[in-house]
Amino acid sequence: MRILHVGKFYPPYAGGMEVFLADLVAAQRARGDEVVVLVHGLPLPDDPPWLKRVPVLCQAVYAPLAPVFPFALRRLLREFEPQVLHLHMPNPSAFSALLFAAALRVPWVVHWHADVVAAKGRARLSLAYRLYRPFEQLLLARAARVIATSPPYLDASEPLKRWRDKCSVIPLGLDLSRYPAQPDMKQDSWTCGAFRVLAVGRLSHYKDFPTLVRAVSGLTGVELLLAGDGEQRSELEALADAAQGRVRLLGAVSDARKDALLANCDVLCLASIERSEAFGLVLLEAMRYARPCIVSELPGSGMPWVVREAQAGLLAKPGDVADWRRALTLLRDDARMRGEMGERAARSVHRLFSMQACADAVARQYTLAGVQADTPTPRRGLLVVIPARNEAPTLPSIVAELIEAGHPDIVVIDDHSTDGTGEAAERAGATVLRAALPLGAWGGMQAGIRHAIAHGYSSVITMDADGQHDVAAIRCLLAERDKADVVIGAHPARASYARRIAWNWFRRISGLAVEDLTSGFRLYNATAMQLAVSEAATQLDFQDVGVLLMLRRAGLRLAEVPVPMNPRIVDRSRVFDSWWTVTRYMAATTLLCLARRPYRPVPRRSG
């Protein structure tokens, strides 16, 4: 599919709209789509050839004016011949699409990031919007589909009222792989021992940072850092001086420093008082680091909807210093509440706000708009991942069977074999990754899943290299792929008496409703793949019970299908090769199961 995005700006320009556009484009390119992006700004030396920036002559009422933008759009329409025009609004330059027959011949999808909010006291913006609105309505009339970012925003949007029949809600998504699991703590700026409050964004009137500063000024043991720059800086500096060291302005910060601040704060706050704050992508960035959020309970904004859906924070009345002080005090004084909200935040960002899910939903809007893709499979499908160590006798036949069965995309992770396993797999037709350090079975599977993500695969199947898993049974897993995030190929009858006792023990203490707990024959979809390569998953030694607990905790769906399994050629587990290994596995997995059990306080007896 050939997609032409018309946006406002693009990173390194800061802003939620820009970050989202970059992540969406990356996801679409990973799917196999051809994508070109047209935005404002000076071209940069390291810009890729598909990114076109148009210099801005000046800014007028918060909008960039670029007289050559229409000419750049016309040239791209002629040279690129897009199949869909994806317009990101608000953006006056997008109106130039109304001028060209080449644009009118293809479907338009409008991404409605925000209304133009002309608040009281902003006469210039109100007058400008009177001139802007007729063109805005013409563009919406021409659009085949309109994407809003949250249900409350769609319900409250006056410009979209006439066009509700063509509107759909797709929440913004976040490319979680782009954020470091362990940010550089040298970027940390906090005072030791204080309750750490963070606010990120342009220092603009609608963000209402003064309310947040005044709320913090009346609290003890609280420190507020403001990351960002803008026209309200001098007013905020005066307020910060009066706060006796409780408030500091950091100015514009790098991505690395922002990540460190998000990872180390106790709470992120968005105090915005206008619907110009339509969603608040920084909320998802904080949730990625398991941080709770406090946001304004602003009618018609997506901010409170995001926090409610994720159950990841508190709401405060817009502009009400006392109510913001109340919310901050609650979280300052209740570490357990903060922890529970943070855990729910981390789960929800995977389950509700992943970029992969967002990109899939956007692709469905293209289809509803009438876009016909060049090929029936716009992105790569299934990759078979096989970790192997000294499996040269069995691997070639497995690879040959997979290719014959129609699964030619195979990656073998050669984990320091000494018998020519990697060479045998390559001769049979597999791609081979050779580990620099010993990985173990689960580390090998993670390496294969990372390879799948990097190369745009939508799902993986993990298999053992010892011939135990039947290639023909892959169709059983694929038949259930639309019903679950992870499908497990189960064959409980293979278990010995001792193993069945162990399984029953783990099921009892974990609450997992899975019959074959240790089966490595699994199908992971894109959402589960991201979780499987997360930092927490990397800390696990084994791929079975711990991973299942993590998947369940993240709210992912698990399914089990019965499959046949072959006896091992070598009748001995290469993982559990000694009683010491078995004992360590039982102890570690038992602790994992107990640690994941929900806490239920014992009620105190009265009297």
(request) Specify whether F20 and H113 have parallel, tilted or perpendicular ring planes, treating 30° as the upper limit for parallel and 60° as the lower limit for perpendicular. (result) perpendicular

(request) Over 60° means perpendicular and under 30° means parallel, so classify the ring planes of W305 and F353, tilted if in between. (result) perpendicular

Minimum heavy-atom distance between [X] and [Y], given as atom pair plus value:
| X | Y | answer |
| --- | --- | --- |
| P292 | M341 | CB-CB, 3.8 Å |
| A452 | L383 | CB-CD2, 3.6 Å |
| A526 | Q356 | CB-CG, 3.3 Å |
| N264 | R196 | O-CD, 3.2 Å |

Can you find a pair of side-chain heavy atoms, one from [X] and one from [Y], that are under 4.5 Å apart?
| X | Y | answer |
| --- | --- | --- |
| L331 | I294 | yes |
| L261 | L250 | yes |
| I147 | S168 | no |
| H205 | E274 | yes |
| Y153 | L160 | no |
| V306 | M287 | yes |

So does [Y] get a backbone contact from the side chain of [X], meaning a donor-acceptor N/O pair under 3.5 Å?
| X | Y | result |
| --- | --- | --- |
| T367 | A363 | yes |
| S519 | A490 | no |
| S296 | L298 | no |
| T211 | V321 | no |
| D334 | L330 | no |
| R450 | V533 | yes |
| R332 | T220 | yes |
| R246 | L219 | yes |
| R275 | G300 | yes |
| Q446 | A532 | yes |

(message) Can you tell me if E158 has over 12 outside heavy atoms packed within less than 6.0 Å of its CD?
(response) yes

Hey, what do you get for [atom1] ([X]) to [atom2] ([Y]), rounding to the nearest 0.5 Å?
| X | Y | atom1 | atom2 | value |
| --- | --- | --- | --- | --- |
| L478 | I461 | CG | CD1 | 4.5 Å |
| H111 | L21 | NE2 | CG | 9.5 Å |
| S354 | L531 | OG | CG | 11.0 Å |
| L477 | L523 | CG | CG | 5.5 Å |
| T149 | I170 | OG1 | CD1 | 10.5 Å |
| K207 | C269 | NZ | SG | 13.0 Å |

Please determine whether a side-chain nitrogen of the Lys or Arg among [X] and [Y] lies less than 4.0 Å from a carboxylate oxygen of the Asp or Glu.
| X | Y | result |
| --- | --- | --- |
| R214 | D320 | no |
| E18 | K8 | no |
| R351 | E309 | no |

(message) Just by distance, no angles: are the side chains of E285 and Y179 close enough, under 3.5 Å, to form a donor-acceptor pair?
(response)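 E285 vs Y179: donor-acceptor pair found between side chains.
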
(message) Evaluate D155 against R164 for salt bridge (Lys or Arg N to Asp or Glu O under 4.0 Å), listing each step before the verdict.
(response) CA-CA 9 Å; D155 291 340; R164 288 295 299 269; 3.4 Å; yes

